[in-house]
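These notes are about the structure you will find just below.
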There are 2 protein chains.
Amino acid sequence: MARLPVYLRALTTLSDQGTGTCSSEELAAAAGVNSAKLRKDLSYLGSYGTRGVGYDVDYLRYQIAREIGVTQDWPVVIVGIGNLGQALANYSGFRSRGFRVVALLDADPARHEQVVAGIDVRPFDHLERIVHEHAVAIGVIATPALAAQDVADRMVACGITSILNFAPIVLTVPAQVDIRKVDLSIELQILAYHEQRKTQGASRAEVPGEVPATATEATA
Amino acid sequence: MARLPVYLRALTTLSDQGTGTCSSEELAAAAGVNSAKLRKDLSYLGSYGTRGVGYDVDYLRYQIAREIGVTQDWPVVIVGIGNLGQALANYSGFRSRGFRVVALLDADPARHEQVVAGIDVRPFDHLERIVHEHAVAIGVIATPALAAQDVADRMVACGITSILNFAPIVLTVPAQVDIRKVDLSIELQILAYHEQRKTQGASRAEVPGEVPATATEATA
DNA sequence: AGGAGTTTGTGAACGCGAGAACAAACCGGC
DNA sequence: GCCGGTTTGTTCTCGCGTTCACAAACTCCT
Ligand SMILES: NC(=O)c1ccc[n+]([C@@H]2O[C@H](COP(=O)([O-])OP(=O)(O)OC[C@H]3O[C@@H](n4cnc5c(N)ncnc54)[C@H](O)[C@@H]3O)[C@@H](O)[C@H]2O)c1
Ligand SMILES: NC(=O)c1ccc[n+]([C@@H]2O[C@H](COP(=O)([O-])OP(=O)(O)OC[C@H]3O[C@@H](n4cnc5c(N)ncnc54)[C@H](O)[C@@H]3O)[C@@H](O)[C@H]2O)c1
């Protein structure tokens, strides 16, 4: 289930705050979901709560981490060390969540001089060797859209079975390979869509330029 | 609908390839969705196709762009010009899709010396002035998680009604404000989850694409 | 002009996830 | 030991999105 990582994050925050146990209400609020949904999600993993009390934060956290698979270490390769690839390589949040960047690959020879986040940028042709050496199962694509399908094909050919794609293109891969895509332009466009609807409604209902001051308080 | 930007991207690709018209089958394949779903989505906008022929690529592209709202120009501010913020500022794909970065803001005075992507990094305190000056409706948060809620509150207070959040935290905002979040760690964790299941199932020989009928009801 | 072939638009069935509601279980006090 | 208060785990229902299937509509060829 795609919400487990959110619960895991919320539990980590609670644990850092020193909370020992929490109810489904509290955890649901921290994760931004309905408490019934949260309980149903957790019940899929087993009965890790105590009725009348709630959940033991650290215990539940470990159970979810184990279910997701982040108790073990996942080696990752990043291909395309441009603006985005460098930002990803420098991101500390991956390491702390069980992902270890074992290699940065780029097709541009000019990049091979660079060291990003303490890791040498290496030629893309080293992909096969590195994947085999470190038993890499997860690959990240941060190349331009035109190169992404080729990169994905190469990844699949040498045994990678999960791909995170940042290029704005629909990748075609065999059914046994998992693909997740992150497209920032699409996110912005969805916001623009709703924004347009808001302002259209405002032209009829409200005076332009005026922001309603009601209910600007966060709903807990 | 969240799939419209995907269709728009596919149509742009087709148009660049010189395709004048396309059927729902073709477009659906390019967008990676079912053709019936695509037709239903498009019929929601109006009858822009011709039976027996298909859709005029450029005409449909304009109609979808208008529906989404990317025919107009959307000013955007980015707050938190670290690794990720700089990558975003340098990304040319935003401009080409109707989004214009009007300001880069950061709380760290050391950043204010910098020029990123030809834009001065300015103090976060300038937020109100800039938002008012450029009529900014969309804000991007690329600060650490701890600062994100404060930044969001400030954004909301000065009239921003759509926020794209990269910080790994659940933001609380008034109901009229749209939030979209991008959490790369969560994406990787979802991949790890499926990866773990794959390798577990591999111990028993299985046909790819078939799912054991036991407790594996997590088809994303 | 008419028919054959093609493709859109949409009505209807299906499946699935979300949310409300409730019984079972647990804790603490008396 | 029992009882009130609390919280989980689960069942049931509802609504939505997806998909199939088909009639209407258009083009092209004869
Ligand atoms: N920068 C962003 O914030 C951002 C935002 C949204 C989407 N994206 C997408 O992410 C991708 C990368 O963006 P970017 O800004 O980092 O681009 P970039 O041009 O800065 O970097 C791309 C890198 O990929 C390398 N590359 C090109 N072809 C390759 C190949 N065949 N094999 C290996 N490496 C190859 C290039 O040498 C370059 O270093 C693009 O598809 C872009 O659309 C980026
Ligand atoms: N770098 C990545 O690839 C990546 C990946 C996933 C998630 N993220 C998330 O994106 C966010 C930014 O990541 P990053 O790697 O760019 O971090 P970073 O530390 O490089 O940059 C953060 C920037 O925010 C600024 N900042 C801090 N507090 C601020 C405030 N109150 N107002 C305005 N600016 C403030 C800092 O001065 C800094 O420049 C983090 O929340 C991180 O978890 C980053």
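Each chain gets a letter, A, B and so on, in the order its sequence line appears, and its residues count up from 1.
- Note on A/Y55: every side-chain N or O is 4.0 Å or more away from OP1 and OP2 of C/dC26.
- Note: CG (B/D56) to P (C/dT8) measures 13 Å, nearest angstrom.
- With rounding to whole Å, B/D41 atom CG is found 10 Å from D/dT19 atom P.
- Between B/Y55 and B/Y48, the distance from one ring center to the other does not fall under 6.0 angstrom.
- Listed for the A/T50 side chain is no donor-acceptor partner under 3.5 Å among the backbone atoms of A/V53.
- Residue A/L60 contributes atom CG, which lies 16 Å from atom P of D/dT7 at whole-angstrom precision.
- Considering only side-chain N and O atoms, B/T50 lies nowhere under 4.0 angstrom from the phosphate OP1 or OP2 of C/dT8.
- Listed pair A/S23 / D/dT7 fails the phosphate criterion, with no side-chain N or O lying under 4.0 Å from OP1 or OP2.
- The distance from atom OH of B/Y48 to atom P of C/dT10 is 13 Å, rounded to the nearest whole Å.
- Side-chain contact between A/I141 and A/L171 is present, with heavy atoms from C-beta onward closer than 4.5 Å.
- Remark: the B/K40 side chain and the D/dT18 base include no donor-acceptor N/O pair separated by less than 3.5 Å.
- A salt bridge does not link B/D56 with B/R61: every distance from a Lys NZ or Arg NE/NH1/NH2 to an Asp or Glu carboxylate oxygen is 4.0 Å or more.
- Rounded to an integer number of Å, the gap from CG of B/L42 to P of C/dT10 is 11 Å.
- Side-chain N/O atoms of A/R3 include one lying less than 4.0 angstrom from OP1 or OP2 on C/dA18.
- Checked against C/dA24, C/dT8, D/dC26, the side chain of A/R51 finds its nearest nucleotide in C/dA24.
- For the pair B/K37 NZ and C/dC14 C1', the interatomic distance rounds to 15 Å; values are reported in whole Å.
- Closest to the A/R39 side chain, of the nucleotides C/dG9, C/dA18, C/dA21, is C/dA21.
- Using a 4.0 Å heavy-atom cutoff across all strands shown, B/Y44 reaches no nucleic acid atom at all.
- Residue B/S47 is the one, among B/S47 and A/A36, whose nearest nucleotide of DNA chain C lies closer to the 5' end (criterion: closest heavy atom).
- In this structure, the CG atom of B/L38 is 12 Å from the C1' atom of C/dG9, given to the nearest Å.
- Residues A/R154 and A/E128 are paired through a salt bridge, judged by an N-O separation under 4.0 Å between the basic side chain and the carboxylate.
- Nearest nucleotide to the side chain of A/N34, out of C/dA20, D/dT7, C/dT8: C/dA20.
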